[in-house]
Structure formats: structure tokens, C-alpha cells
Amino acid sequence: MRKRFLAISLTISAGIGSALAAGAEAGGSEAPAMPPATVVEATHPLDASGDAALLERIAAVARAMKTMQGTFVKHTFNPGMQDDPVVTKGKFAIAVPDKYNLVETKPDEPEYRKRTCSDGASIAEIEQISSELEPDTHVRAVGDADVELRRVLACVRGDFTQLKADFSVMAAVAPKPADGSTVTLTPTNADVAHDLTKVEIRLDAACHASAIELVQPSGTRILVRIDGAEYDRPIAADTFSMPGNNLPSGK
């Protein structure tokens, strides 16, 4: 289970507020740093410390959202290689409460493509390394098979009700309101703490997630930048189709 959570964290994050249109540029190998923030001491109804009003605003935005779609760029910084991160890109679509579609590609491997999707009843992972090889496909029932992925998506969605089961939550406001805010998650679950030291969710002034950073005990840092996100726009039903269900090749 722990290894699977790490793998899923590396797969996303967009995709990891509320929810993850293709072709975003990585913007160079240097990922943006989290903005400085000022912690406001308060108590949140969800037993979280920090700015209670801010947390409630973020949660309200999350509760109102029905769909989210966009692109993401992920930088993975490994210990000793901080200046040479592994960069991947992807696109995502999420329909609340339980449908999602994530497609990840590698700029330096044009034929690589990994799709992870759920129609609410099943989860499928389809990974293709080369056009000369058949894709590796796995389909399972939802539940334990994607609990870790749903946890990461809860970070994107700002779903503190779900996250409080495994993390303490602290909100911090940026010195300039236009810079938005940061929510820091610290694991309280021993299994999660084995894999994660902390998670930082950067939000814009509208309380939408713009970046997520996962820090592991090994020193590895995974930074996912969410680009071009659109909210509450219709998403074609076949976006969440399982393999074999006449899925369009573009999905």
C-alpha cells in the first residue's frame, strides 16, 4: 500500500482543492518555489489549526465545484540531483464525486503515455512505453485499489473532510493577498508518515489549487504545477470510459 501511494504521487497530483487541456510547457527545469506565508493561529471546525476563515473559504469553493479539468507539469527532485529534476506533463479531468481521468506523458519519451481513470465503479491503469508494444492494462474495482490516488486528488480539491483522517491541517496567508495562500498537511497516520513528511498546497486568491508539493522522508520533493484549470464546464462522458468501452484514441 505504501509503495503504491508513492507511485501514484509520482504519477500525478494534477494531480494531487478541487480536481486536474493538454500542451502546457514545463517552463524550464526550475520549478517555482512556494511563496512565503504568514501563519494565523486559530482553530478550524475540522480540528485543524491555522486561519479558520481561510480554511472555510477553501472548503466552500471545493464543495461548490462539480468538475475540474486542465493540465499539469510535475517536477521530481531527487536527493543530490536538485538541479536536474525529472519532468513530466499531463492533462486531467475530474467529475465530483468519484470520476477522474489522468493522462501523463514524458517530454523526453515521445511514445510514453500513462492513463489512470475511474468511472466511479472501476479504476483502470493503461501504460504504453512504445508504439511497438501492447499497453500494460490493469482494471480493478474502486476501493483499496485507488485510495491513495483519491487522497492526492483530495489535496487538489481542498477536501479537508477527507484529508483530516490522515493529516493535521494548517492554513497560512501570503504577505500579499494577490499571492493567495498555502495549506500545509502534516501526517498523523503512521503509514502515511512513512512515505510523506508533509504536503503543501498552494492556492490562488480565488482559493483554487495552483501547485502541490509532496516532501518524502528520503528528501525527494515532488512539485506539481496545475495550469489552465477550468471549473464546472461539461466533460464528455466517455472521458471516464474503461478500456474496451470504445474510448476515443485522443483520451
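Across every non-hydrogen atom of A124 and V139, the tightest pair is CB-CG2, 3.9 Å. Between T197 and P187, the shortest heavy-atom contact is O-CD, 3.2 Å. Residue I94 comes nearest to I235 through the heavy atom pair O-CD1, 3.7 Å, listed as atom of the first residue, atom of the second, then distance. When all heavy atoms are compared, the tightest approach of S181 to L54 is CB-CD2, 3.7 Å. Of all heavy-atom pairs spanning P79 and G219, the tightest one is CG-C, 3.8 Å. R57 and C207 make their closest contact through CB-SG, 4.1 Å (heavy atoms, listed as atom of the first residue, atom of the second, distance).
Taking NZ of K164 as the start and CG of L185 as the end, the distance is 14.0 Å to the nearest 0.5 Å. The CD1 atom of I123 sits 8.0 Å away from the CE atom of M242 when rounded to the nearest 0.5 Å. With rounding to the nearest 0.5 angstrom, the CG atom of L102 is 10.0 Å from the CD atom of E125. Annotation: the span from N78 atom CG to Q216 atom CD amounts to 8.5 Å, rounded to 0.5 Å. Here OH of Y100 is found 14.5 Å from OG1 of T239. Values are rounded to the nearest 0.5 Å. Between atom CZ of residue R63 and atom CD of residue E56 there is a gap of 4.5 Å, rounded to the nearest 0.5 Å.
When K114, H75, E104 are each tested for a side-chain hydrogen bond (donor to acceptor under 3.5 Å, both in side chains) with T88, only one passes: E104.
Residues P85 and L223 are not in side-chain contact: their nearest non-hydrogen atoms beyond the backbone lie 4.5 Å or more apart. The shortest distance between side-chain heavy atoms of T186 and M170 does not fall below 4.5 Å. R225 has its side chain within reach of D227: a pair of non-hydrogen atoms, C-beta onward, lies under 4.5 Å apart. You'll find the side chain of I226 reaches within 4.5 Å of the side chain of M68, heavy atoms only. Counting heavy atoms from C-beta outward, I129 and E111 have side chains that stay 4.5 Å or more apart.
L163 is connected to V96 through a chain of hydrophobic side-chain contacts under 4.5 Å among Ile, Leu, Val, Met, Phe, Trp and Tyr, so both are in one cluster. The hydrophobic clustering, which links ILVMFWY residues whose side-chain heavy atoms are closer than 4.5 Å, places I201 and V173 together. With hydrophobic clusters built from ILVMFWY side chains whose heavy atoms lie under 4.5 angstrom apart, L203 shares a cluster with Y231. Residues F77 and V215 are members of separate hydrophobic clusters, defined by side-chain heavy-atom contacts under 4.5 angstrom among Ile, Leu, Val, Met, Phe, Trp and Tyr.
With sequence neighbours excluded, the residues forming a side chain to side chain donor-acceptor pair (under 3.5 Å) with K198 are E200, listed by chain and number. Annotation: salt bridge (Lys or Arg N to Asp or Glu O under 4.0 Å) contacts of D204 (sequence neighbours excluded): none.
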(Q) Checking E213 against R202 for the salt bridge (Lys or Arg N to Asp or Glu O under 4.0 Å) test, could you report, in this order, the C-alpha distance in whole Å, the side-chain angles of both residues, the deciding distance, and whether it holds? (A) CA-CA 8 Å; E213 183 176 37; R202 183 167 64 189; over 6 Å; no

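Looking at Q128, its side chain does come within 3.5 Å of a backbone N or O of L133 through a donor-acceptor pair. The closest donor-acceptor contact from the side chain of D238 to the backbone of S241 lies at 3.5 Å or more, if one exists at all. Using a distance-only test at 3.5 Å, with no hydrogens or angles considered, no donor-acceptor pair links the side chain of N101 to the main chain of C117.
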